[in-house]
Amino acid sequence: RMADSYLFPSSFGTRFRMLCFREHPLFHERFLKRQARGVSPLMNRFFAAKEEEGSFSLSKEDQHHLVTVLRSKEKEEIEIVWQGELYLSRIEKLSPLRLIKIKKLDSKTELPCPLYLGFSLLKGGHDELVFQKGTELGVSGFYPFISQRTIISLDEKDKRKRLDRYQKIVLGAAMQSKRLNIPFVHP
């Protein structure tokens, strides 16, 4: 972290500094030591769309994120979640994307009992924060509702759009917080 601050001033932004810091030789040495212990906090985690004969496939959005945004290369290892189980996989080919299953990993990140959160929808889009933070804290399911004192009113079209938006927020928060299950959002 000290080398990170020393190499680049804070005006460059955290993401830029982290990308450049990953190129530093000390980073690779520390990363290999962590990997030998079985700890890999920097490995990206994705939820697989389907599994076929020892290989996984991702959704179009996740493929774009992995190849274009993260600039992943062939032979790079990533974590894949399939049906609540965590797997280590390797990128065999980028175009078309082919992920090979290497081994199953033991990871217990879920709470021992399910936790459900019911809340009245908030005005101003603040309910998105409830979905994000609730997912990060371990909530298994969300039950948003409109009460007598709720200020917003939604028609069917708005409800469907919001439900899709909430599902994307929950998926992103589950990937970021390294969850094994994606919480459901009750319509």
Side-chain angles (χ1 to χ4, degrees), residues 1 14-15 18-19 21-117 130-143 163-186:
R1 185 75 186 145
T14 306
R15 183 158 173 75
M18 279 306 298
L19 288 174
F21 184 63
R22 288 182 181 175
E23 307 298 325
H24 198 277
L26 286 177
F27 173 81
H28 292 291
E29 183 180 322
R30 290 181 188 146
F31 182 74
L32 291 174
K33 284 180 183 176
R34 283 186 186 145
Q35 213 170 22
R37 290 190 320 236
V39 178
S40 184
L42 298 174
M43 192 172 292
N44 293 305
R45 183 176 292 190
F46 293 92
F47 289 92
K50 63 181 178 178
E51 187 229 354
E52 298 174 342
E53 301 170 5
S55 66
F56 295 107
S57 60
L58 302 176
S59 66
K60 294 282 184 192
E61 295 88 16
D62 286 343
Q63 285 182 16
H64 170 76
H65 187 74
L66 182 65
V67 175
T68 309
V69 178
L70 295 176
R71 298 179 188 162
S72 297
K73 297 175 177 49
E74 291 181 1
K75 308 294 184 211
E76 192 172 317
E77 294 180 349
I78 61 171
E79 295 174 343
I80 297 289
V81 177
W82 173 249
Q83 295 180 342
E85 301 290 333
L86 181 64
Y87 296 93
L88 182 66
S89 65
R90 180 184 306 119
I91 301 172
E92 196 66 28
K93 212 167 128 183
L94 286 174
S95 180
L97 185 63
R98 182 172 159 87
L99 303 168
I100 302 296
K101 185 190 317 182
I102 297 175
K103 66 179 179 178
K104 184 177 175 181
L105 300 173
D106 284 333
S107 178
K108 304 291 183 205
T109 59
E110 297 297 319
L111 295 174
C113 61
L115 178 65
Y116 300 102
L117 179 63
V130 173
F131 286 105
Q132 181 186 8
K133 298 305 176 186
T135 301
E136 291 172 2
L137 289 173
V139 172
S140 302
F142 294 94
Y143 289 91
L163 186 63
D164 291 341
R165 173 83 178 130
Y166 297 153
Q167 291 288 358
K168 286 182 183 178
I169 290 168
V170 165
L171 174 65
M175 287 188 338
Q176 182 178 359
S177 60
K178 305 240 180 208
R179 297 270 311 260
L180 293 178
N181 296 318
I182 303 169
F184 69 89
V185 180
H186 193 274

query = Is it true that Lys178 and Glu79 make a salt bridge, defined as a side-chain N closer than 4.0 Å to a carboxylate O?
reply = yes
message = Please report whether the ring centroid of Tyr166 lies less than 6.0 Å from that of Phe142.
response = no
ask   = Does any N or O in the side chain of Glu85 come within less than 3.5 Å of the main-chain N or O of Trp82, such that one atom is a donor and the other an acceptor?
value = no
request  = Calculate, to the nearest 0.5 Å, the distance between atoms CG and CG belonging to Leu99 and Asp62 respectively.
outcome  = 10.5 Å
query = Given Phe47, which of Leu58, Asn181, Val81 fulfils the side-chain contact (heavy atoms from CB on, under 4.5 Å) condition?
reply = Val81
query = Can you tell me if Glu77 uses its side chain to pair, donor with acceptor, with the backbone of Arg90 under 3.5 Å?
reply = no
ask   = Measuring from Tyr87:OH to Lys101:NZ, what's the distance to the nearest 0.5 Å?
value = 5.0 Å
message = Would you compute the distance between atom NE2 of His65 and atom CG of Asn44 and round it to the nearest 0.5 angstrom?
response = 6.5 Å
task = Verify the neighbour count for atom CZ of Arg98: are there more than 12 heavy atoms of other residues, nucleotides or ligands below 6.0 Å?
result = no
key: Ile91 CD1 to Leu66 CG distance, which is reported to the nearest 0.5 Å   = 4.5 Å
task = Provide the closest heavy-atom pair for Ala174 versus Pro183 in the form atom of the first, atom of the second, distance.
result = CB-CD, 4.4 Å
task = Inspect the contact between Glu136 and Lys133 and indicate whether a charged nitrogen and a carboxylate oxygen are less than 4.0 angstrom apart.
result = yes
task = Indicate yes or no: does Lys93 engage Glu74 in a salt bridge with an N to O separation below 4.0 Å.
result = no
request  = Applying side chain to side chain contact (heavy atoms under 4.5 Å, CB included), run through Val170 and Lys168 and close with a yes or a no.
outcome  = CA-CA 5 Å; Val170 165; Lys168 286 182 183 178; over 6 Å; no
ask   = To the nearest 0.5 Å, how far apart are CZ in Phe131 and CZ in Arg165?
value = 11.0 Å
note = CG of Leu97 to OG of Ser57, rounded to nearest 0.5 Å, is 9.0 Å
query = Should the pair Phe184 and Tyr116 be assigned to parallel (<30°), tilted (30 to 60°) or perpendicular (>60°) ring geometry?
reply = tilted
message = Closer than 4.0 angstrom, basic N to acidic O: yes or no for Glu92 and Lys75?
response = yes
remark   = Heavy atoms of Ser59 and Ala49 approach each other most closely as N-CB, 4.0 Å
message = So which atom in Leu137 and which in Leu111 form the shortest heavy-atom distance, rounded to 0.1 Å?
response = O-CD1, 4.3 Å
task = Answer whether the closest heavy-atom distance between the side chains of Arg45 and Ile78 falls below 4.5 Å.
result = no
task = Determine yes or no for a side-chain-to-main-chain donor-acceptor pair under 3.5 angstrom, with Ser89 supplying the side chain and Ile102 the backbone.
result = no
inquiry  = Donor-acceptor pair, distance only, cut-off 3.5 Å: does the side chain of Ser55 make one with the backbone of Glu52?
reply    = yes
